[in-house]
Amino acid sequence: MTTARTESAVDLPAMIEGIRRWVETESPSQNIAAVNRMVDLVGQDLAALGVPVERVTGGRGAADTVIARSPEAGDIPGILVLTHIDTVHPLGTLQRALPFRRDGDRLYGPGLYDMKGGAYLAFEAFRRVVRARSFRLPVVIMFTPDEELGSPSSRALIEREARRARYVLVTEPARDGGKIVTSRKGVGRFEVLATGVPAHSGSAHSRGHSAIREMARQILAIEGMTDPECGITTTVGMVSGGTAPNVIPQHCHITVDLRVRDAAAGEALAANIHALAPVDPAVTLTVTGGMNRPPFEKTPAIEGLFRHAQGLAREIGFALADVPMAGGGSDGNFTAALGVPTLDGLGIDGDGAHTEWEHGLVSSIEPRHRLMRRLFETLQ
Ligand SMILES: [Zn+2]
């Protein structure tokens with residue numbers, strides 16, 4: 001028992017120092033060299049544990065992925081931990097707008113909340129259980145480079161590892177005062193291009209067929225598909241078109257973001273978006289895209305995993321709740337859609353993801369690190 005108590009002590013200053021090292025290695029998703037410097041750092045930290053570490057070269061505009069496995073894992077299905085080490089913050093954010101600093105309970109830094117804080121506390125939990133050999137199931141921890149891009153490179157690896165896993169734990173940030181995530185909407189991405197007939201806006205107005213006017217109608221039709229009661233939202237987030245003030249525009253282009261609660265709604269809405277027809281028959285519409293992240297629905301198995309985590313949190317000394325279905329997608333969408341019980345939002349608590357006031361809460365580090373460790377030690 002004495003050993004267990006000593007082993008469970010958390011060295012908070014050392015954890016904050018570890019988070020600082022990871023946060024100060026800036027890693028915007030698109031900058032492959034920068035993300036690979038972060039991959040080097042994480043790879044070195046993992047190698048120091050003496051566990052098998054695999055580095056998989058990235059593709060599709062993304063950096064490498066690093067995967068570590070608990071020793072003597074064997075072939076039985078275990079726990080897959082998903083954590084992304086890319087951020088949305090461009091290089092130089094650290095110097096310019098968001099230096100690593102502590103202000104009371106708040107720790108500031110680019111990607112600290114989303115999600116290097118969570119990545120580090122999972123790493124530290126993995127380190128502890130590896131050292132104490134206290135894991136029950138094999139633990140595989142995966143650090144991915146491209147979540148903020150929609151995981152174009154790591155998705156296949158995530159799904160490969162998830163198919164072998166009994167549980168998936170995702171260290172995305174906590175929500176609303178420490179709540180975790182047990183369901184997320186599915187995300188679809190589409191592009192619509194309208195092609196009309198250009199003409200001089202003064203001398204030949206009647207000969208033109210405006211792509212922008214057509215698209216204006218389509219935008220209203222698409223936004224009109226939003227149905228809050230059914231959890232469906234559609235957003236035209238970008239518009240471009242036209243060449244000059246005095247030209248009836250030939251082209252207009254938009255992007256559409258779709259969020260749905262379940263796979264059936266995803267299919268139905270994707271079909272509706274692809275079936276958009278022009279009001280002006282002289283304008284053509286081209287629709288591309290589809291569902292990118294499938295919905296992450298709270299199954300009875302996820303409910304059971306959540307209840308187990310709640311029990312562990314109670315033993316540690318805090319109440320764990322989950323949020324209603326989250327609107328934002330994560331890599332947990334991929335694993336939940338494969339039917340693997342997935343808990344998400346297990347990372348650090350804080351606020352301001354993707355902004356220049358992004359911060360994590362120091363007070364959340366220890367309890368959430370302990371929860372991760374206890375999940376490793378008790379899931380079977
Ligand atoms: Zn994230």
Side-chain angles (χ1 to χ4, degrees), residues 29-30 60-62 88 146-153 155 183-297 325-330 333-334 337 354:
S29 320
Q30 284 99 338
R60 299 173 165 222
V88 299
D146 58 350
E147 195 276 341
E148 301 290 3
L149 303 175
S151 311
S153 178
R155 178 176 182 169
S183 59
R184 290 181 182 274
K185 287 185 178 179
V187 184
R189 282 289 153 76
F190 304 83
E191 301 199 19
V192 184
L193 177 68
T195 308
V197 179
H200 190 293
S201 64
S203 60
H205 192 272
S206 63
R207 268 195 256 150
H209 291 270
S210 167
I212 290 180
R213 186 178 58 185
E214 178 61 39
M215 195 64 94
R217 296 178 176 126
Q218 300 299 332
I219 290 169
L220 293 177
I222 292 165
E223 295 259 341
M225 293 176 191
T226 291
D227 182 348
E229 296 231 317
C230 295
I232 295 165
T233 59
T234 50
T235 303
V236 175
M238 294 168 76
V239 182
S240 61
T243 51
N246 56 353
V247 179
I248 293 181
Q250 185 177 9
H251 297 292
C252 185
H253 171 264
I254 61 169
T255 62
V256 182
D257 173 288
L258 167 68
R259 309 273 160 157
V260 293
R261 272 188 203 147
D262 56 74
E267 278 173 35
L269 269 289
N272 290 348
I273 293 168
H274 277 278
L276 288 168
V279 177
D280 178 346
V283 180
T284 57
L285 290 181
T286 312
V287 182
T288 55
M291 291 301 292
N292 168 249
R293 293 183 189 273
F296 167 175
E297 297 176 58
M325 188 173 241
S330 87
N333 288 60
F334 299 136
H354 299 194

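- In this structure, I212 and H251 approach most closely via the heavy-atom pair CG1-O, 4.4 Å.
- Rounding to the nearest 0.5 angstrom, the gap separating the CG atom in D146 from the OG atom in S29 is 7.5 Å.
- Looking only at side-chain heavy atoms (C-beta outward), T234 and M225 come within less than 4.5 Å of each other.
- A salt bridge links R293 to E147: at least one charged side-chain nitrogen sits closer than 4.0 Å to a carboxylate oxygen.
- Closest approach of S153 and A62 over heavy atoms only: CB-CB, 3.6 Å.
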- Message: Under the criterion side chain to side chain contact (heavy atoms under 4.5 Å, CB included), I'd like the reasoning laid out for E214 against C252: C-alpha separation, chi angles, the key distance, then a yes or no.
- Response: CA-CA 9 Å; E214 178 61 39; C252 185; over 6 Å; no
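- Here the CD-CG distance, from E267 to N272, works out to 12.0 Å after rounding to the nearest 0.5 Å.
- Using a distance-only test at 3.5 Å, with no hydrogens or angles considered, no donor-acceptor pair links the side chain of R207 to the main chain of A199.
- How far CZ of R60 is from OG of S151: 11.5 Å, rounded to the nearest 0.5 Å.
- No side-chain heavy atom of I254 sits less than 4.5 Å from a side-chain heavy atom of M238.
- Within the 4.5 Å cutoff, the side chain of P295 has heavy atoms near those of the V260 side chain.
- Between the CD1 atom of I219 and the OG1 atom of T235 there is a distance of 12.0 Å, given to the nearest 0.5 Å.
- For the residue pair H354 / E148, a side-chain donor-acceptor distance below 3.5 Å is found, with atom types taken as modelled.
- Not a single donor-acceptor pair under 3.5 Å links the side chain of E297 to the backbone N or O of D262.
- R259 contributes atom CZ, which lies 13.0 Å from atom CG of L269 (distance to the nearest 0.5 angstrom).
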- Query: When you look at V197 and I248, which way does the side chain to side chain contact (heavy atoms under 4.5 Å, CB included) test go after all the steps?
  - Reply: CA-CA 8 Å; V197 179; I248 293 181; over 6 Å; no
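- Annotation for H205: atom NE2 does not count as buried by contact number, only 12 or fewer foreign heavy atoms lying within 6.0 Å.
- In plain terms, the two heavy atoms of S183 and M325 that are nearest each other are OG-CA, 3.3 Å.
- Heavy-atom minimum distance, F334 versus P294: CD2-CD, 3.9 Å.
- Looking at I232 and L258, their side chains come closer than 4.5 Å, going by heavy atoms from C-beta outward.
- Between the side chains of H253 and E191, at least one donor N or O lies within less than 3.5 Å of an accepting N or O.
- When only modelled atom types and interatomic distance are considered, T255 and R189 share no side-chain donor-acceptor pair under 3.5 Å.
- Between the side chains of T226 and T233, no donor-acceptor pair of N or O atoms lies under 3.5 Å.
- Listed here is the closest heavy atom pair of Q218 and A277: NE2-O, 3.0 Å.
- I273 has its side chain within reach of V256: a pair of non-hydrogen atoms, C-beta onward, lies under 4.5 Å apart.
- Contact check for D280 versus R213: side-chain heavy atoms found under the 4.5 Å cut-off.
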- Kindly indicate, with the supporting measurements, whether the criterion side chain to side chain contact (heavy atoms under 4.5 Å, CB included) is fulfilled by M215 and V239. CA-CA 9 Å; M215 195 64 94; V239 182; 5.6 Å; no
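- In this structure, the separation between CG on L193 and OG on S240 is 8.5 Å, given to the nearest 0.5 Å.
- Pairing each heavy atom of V283 with each of S210, the nearest pair is CG2-O, 4.1 Å.
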